[in-house]
Amino acid sequence: MFVPYSELDVDLCVSSGQVFRFHKTGEGWIGIDGSDVVTARRVQGGWEVSESGRELFQLQISLCDIERRILERSGELAKRLGRFRGLRVLKQKYAHETLFSFLCTPNNNLNRIVPMVRHLGSYGNEICDGLYEFPSIERIAEIPENELRKAGFGYRARTIPNVARQVLARPERWLTSLRTMPYKEAHSSLCEIDGIGPKVADCVCLVGLWHTEAVPVDTHLWQAACDLYFPEWKGKSITQNRYDAVGNLMREKFGELAGWAHQYLFYERILDYRKGKHVYSQT
DNA sequence: CCCACACCGATT
DNA sequence: ATCGGTGTGG
């Protein structure tokens, strides 16, 4: 299906830290959602996206409409909406892929996260050349710690299979059942698992459980929030209370679109961060 | 309730 | 020393 640039920027979507297993091709991107191959290629005026990408990119939702609703609630994001037009919240089919992907992210950077998530993916069925369906929770639970350590997972080599075992100890379909309960309940249920903190839980809520009001507060969003809303907290650390305050304020301002709104603030910081590092390394 | 620290490992 | 957190301890 054809989607105009004003509605979709695949480059932004797949490099915004929501998914980690998309590969650049000559004309666009290829990746997996659930058991489906998703492709996107640049065409005149926009993107040609495979039918399988409709759900991942939420193409049935009008981005124009989302932008309008965000601006109606609060105008301060206007310039970011323009700067990052086409950025969308993604909606992954396998909640466990979202969960175990984001368990690779704490205290980490994209240069390590991407190979780590790809490594996890390689335990799944190969769908087509070099593209793997994400492995089952059962499969992840039985990966030996030293195997992941050898692959550079560090201490996450222990926590990842450990989280898998804790999920398996819960009722069948526990993780996906969190999709149909209120955001707050889903979030606190996730946090009960040893190894899942509030930040990872919010990432899973947003991308894997489709709770659009989830606001993951990492150091980048934290800084953006301090600049915009909590100047008195600049330079301070993120405590449990401040974490909640940021998310709650975003939800107060943007309602069920808080997760979408957060994405623009987050991406802006990430860009500045990457740019800063680049400039620094050139000097 | 807030802060300090360890944890892996790549980069500064 | 710093980092796209989390768990533990004071």
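Sequence lines set the chain letters: A, B, ... in the order given, protein chains first and strands last, and positions in each chain run from 1.
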May I have the distance from [X] (atom [atom1]) to [N] (atom [atom2]), rounded to whole angstrom?
X	N	atom1	atom2	result
A:L99	C:dG5	CG	P	16 Å
A:F153	C:dG4	CZ	C1'	16 Å
A:D202	C:dG4	CG	C1'	14 Å
A:Q240	C:dG5	CD	C1'	12 Å
A:N109	C:dG4	CG	P	8 Å
A:M116	B:dC8	CE	C1'	9 Å
A:L221	C:dC3	CG	P	16 Å
A:F230	B:dC2	CZ	P	12 Å

*In terms of the angle between their ring planes, are A:Y243 and A:H187 parallel, tilted or perpendicular, with boundaries placed at 30° and 60°?*
parallel
*With a 6.0 Å cut-off on ring centres, are A:F102 and A:F20 close enough?*
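Distance test on ring centres: under 6.0 Å, yes.
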*Ring centres of A:F134 and A:Y94 under 6.0 Å apart?*
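Distance test on ring centres: not under 6.0 Å, no.
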Under 4.0 angstrom, heavy atoms only, what part of the nucleic acid is [X] near: base, sugar-phosphate, or nothing?
X	result
A:D194	sugar-phosphate
A:I238	nothing
A:L103	nothing
A:R149	sugar-phosphate
A:P216	nothing
A:F266	base

_Regarding C:dG7, can its base be found pairing with the side chain of A:Y155 as donor and acceptor, where the two atoms are less than 3.5 Å apart?_
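Flag unset: no donor-acceptor pair detected.
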*Under 3.5 Å, is there an N or O donor on one side and an acceptor on the other linking the side chain of A:R112 and the base of B:dC8?*
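Under the 3.5 Å cut-off, the side chain and the base do form a donor-acceptor pair.
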*Check whether any side-chain N or O of A:R156 sits under 3.5 Å from a backbone N or O of A:F153 as a donor-acceptor pair, and report yes or no.*
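A pair under 3.5 Å: yes.
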*On a whole-Å scale, what distance lies between the P atoms belonging to C:dG4 and B:dC1?*
26 Å
Answer yes or no: does a side-chain N or O of [X] lie under 4.0 Å from OP1 or OP2 of [N]?
X	N	result
A:R242	B:dC3	yes
A:N241	B:dC1	yes
A:S237	B:dC3	yes
A:T239	B:dC2	yes

*asked:* For the residue pair A:R41 and A:W29, would you count it as a cation-pi contact if the rule is NZ or CZ under 6.0 angstrom from the ring centre and within 45 degrees of the ring axis?
replied: no
*Considering every strand shown, what is the Watson-Crick or G-U wobble mate of B:dC8 when both distances are under 3.5 Å?*
none
*Sort out the partner of C:dG4 for me: Watson-Crick or G-U wobble, both distances under 3.5 Å, none otherwise.*
none
*Checking side chain to side chain contact (heavy atoms under 4.5 Å, CB included) against A:R269, which of A:T219, A:D227, A:D218, A:L221 comes through?*
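Among the candidates, only A:D227 passes.
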*Position toward the 5' end of DNA chain C (nearest nucleotide), A:N108 or A:C191*: A:N108
*Please tell me which of A:S16 and A:I193 maps to the more 5' nucleotide of DNA chain C, matching each residue to the nucleotide holding its nearest heavy atom.*
A:S16
